[in-house]
Amino acid sequence: MTSAADQEPETRAITAGRDESGSLAPALWASSAWDVHDLDGAHAGATAVHTVGNYSRYANPTVQSFEHAIAELEGTESALAFASGMGAIASTVFALCSRGDHIVAQRAMYAGTLSFLNGPCQRMGIDVTYVDGCNANEFAAAVQPGKTTLILAETPSNPQFELIDLAALGAIKGPFTMVDSTLATPLGQQPCKYGVSITMHSATKGIAGHNDATLGVIAGEKELIDGIWSYSVLHGATASPFDALNGLRGLRSLGVRLRHQSETALRLAEWLSAHPAVNKVNYPGLPSHPQHDLAKRQMQQFGSLFSVDIKGGVQAARRLTQQLKLIRNAPTFGGPDTLITHSATSTHLSVDPAVKTATGITDSLLRVTVGLEAFEDLRSDFAAALA
Ligand SMILES: *Cc1c(COP(=O)(O)O)cnc(C)c1O
C-alpha cells in the first residue's frame, strides 16, 4: 500500500484530519468547556497553546480535526480555523501588524479585504501600499525594510482572475507573505509549498462546498500559527464546531466536485468565448488568458469560476441575469448551484470607482460560479438568455 504522503491529494482528502476512534465521520463536539479536574489541570489548560481539553475558544476537537485536514492538504505543520474568511484575515493582520507598520497588498482583491485594509487598518495606523500583483517585481519593490511586516495577495483574484506568481512571492524575504487561495481550494494549489508564509481560505466557499457553513482557515509553520493563535483567542472570531464539521465533510468530496466544476467551467468558458454577444471571458484555464502558462505551472485545477464581459454594457448584463432560468443570482461560490453575480453593483460596490476601472471591474462584467449541474443544461440556459 502506498503511504499517505505518496497518495494523490484527492485520495488524502478522504481521510485527512480523521482521528484514531475509527469513526468515518468526525464527532461533533458542541462542548464549550472541559472538566480540568483540579488547580494543576486548570493551570495547564490556561497555559497550553492551541490544545484541546480546556475551553472551546482556545481549541475544540471537531475544529481541530478540520485544521489537521487543511494542514495535511496544504503541506504545512499547522492550521487555524476561524468563524469566517474575514475572521481569518482580520485576526491574522492584527496579530502580525501594529501601529506604524506597513502592508503591501495586491490592488485586485476581495472587496471585504480591501474595506478592512482601507478602514480599520488605516484607523489603527497601519499603512497600506497597493501594487499590480500580475507583475511579480512590484511586491518586492514596495517593501519598506524594517517597516513592512506583511504582503497580502490573492490568486486567482476575483472577478478578474489575475494570477500571482507564487514562486516569486514566496522568494521575498523579510515580511510575512499571505495568499488568499479561496478560489483555488487546497486541491487546486498549495502556496506554502512555494515559500509563502500563510495560506488562507474562506472555507465558506469551495471547501465546505454546500452553502451551509461560514468558516475561514489559515495554514503555515507551527511557530507562526501559534503566534497568530495567541492573538486570535482575544479577537474571538472562533470557528463553530458545526461549521468545522461541514468544512470537513466538504473536503471529503472536494476532489470530485472541483474536477467536475473545473471541466464544466472550461467548456462553458470556451463556448461563451465564441458567442457573438460576448466581448471576453476571463478564465485561467483558457489558452487566451494572459497568464495561462503560469496557471498550468502552479495550479492542478483551474477552478469553478470565470467572468464574462458581455456586449451592451450594464443594460445587457442586467437583462442576461434576468433571462437566465437555471442559473441563479447569489453572492457566493463553490457550491452545487451555478450562480451569477454583477460584481460592480454588488460584491465590489464599495470599491473606489478608479480602482474598479484600473482592475477591470466593468459594468458589463458578470462573475459565474459553476456548480454541479450537467454542462448541456447550463449551456442551453446561457444560449436562451443570450438569444
Ligand atoms: C468570501 C471570500 C472571503 C471572505 O470570506 P467569508 O467567509 O465570507 O468571511 C475572502 N476572500 C475571498 C477570495 C472570498 O471569496
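Counting convention: from 1, in listed order, for ligands and their atoms alike.
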Within the structure provided, determine whether Asp212 and Arg249 are in side-chain contact (heavy-atom separation under 4.5 Å). yes
Measure the acute angle between the ring planes of Trp271 and Phe382, then classify it against the limits of 30° and 60° as parallel, tilted or perpendicular. tilted
Are Asp180 and Ile89 side-chain neighbours, meaning at least one heavy-atom pair lies under 4.5 Å? yes
Does Glu8 CD have over 12 foreign heavy atoms under 6.0 Å away? no
Which is closest to atom 10 (C) of ligand 1 in terms of heavy atoms, Phe116, Tyr110, Phe82? Tyr110
Determine the interplanar angle of the Phe94 and His235 rings, folded into 0 to 90°, and report it as parallel if under 30°, tilted if 30 to 60°, perpendicular if over 60°. tilted
Tell me whether the rings of His50 and Trp229 are parallel (<30°), tilted (30 to 60°) or perpendicular (>60°). parallel
Is it the case that ligand 1 has an N or O less than 3.5 angstrom from some N or O of Met200? no
Euclidean distance, Leu80 CG relative to Ser91 OG, rounded to 0.5 Å: 8.0 Å
Which of the numbered atoms in ligand 1 are under 4.0 angstrom from any heavy atom belonging to Phe333? 15 (O)
Who gets closest to atom 5 (O) of ligand 1 by heavy atom: Ser84, Gly216, Ser202? Ser202
Any nitrogen or oxygen of Lys205 lying under 3.5 Å from a nitrogen or oxygen in ligand 1? Just yes or no. yes
Heavy-atom nearest neighbour in the protein, as seen from atom 6 (P) of ligand 1, with distance rounded to 0.1 Å: Gly85 N, 3.3 Å
What atoms of ligand 1 come closer than 4.0 angstrom to any heavy atom of Met86? 4 (C), 5 (O), 6 (P), 9 (O)
Tell me which one of Thr204, Leu215, Thr214 gets a heavy atom nearest to atom 7 (O) of ligand 1. Thr204
Identify, for atom 11 (N) of ligand 1, the protein heavy atom at the shortest distance, and state residue, atom and that distance. Asp180 OD2, 2.6 Å
Which atoms of ligand 1 are found less than 4.0 Å from any heavy atom of Glu154? 13 (C)
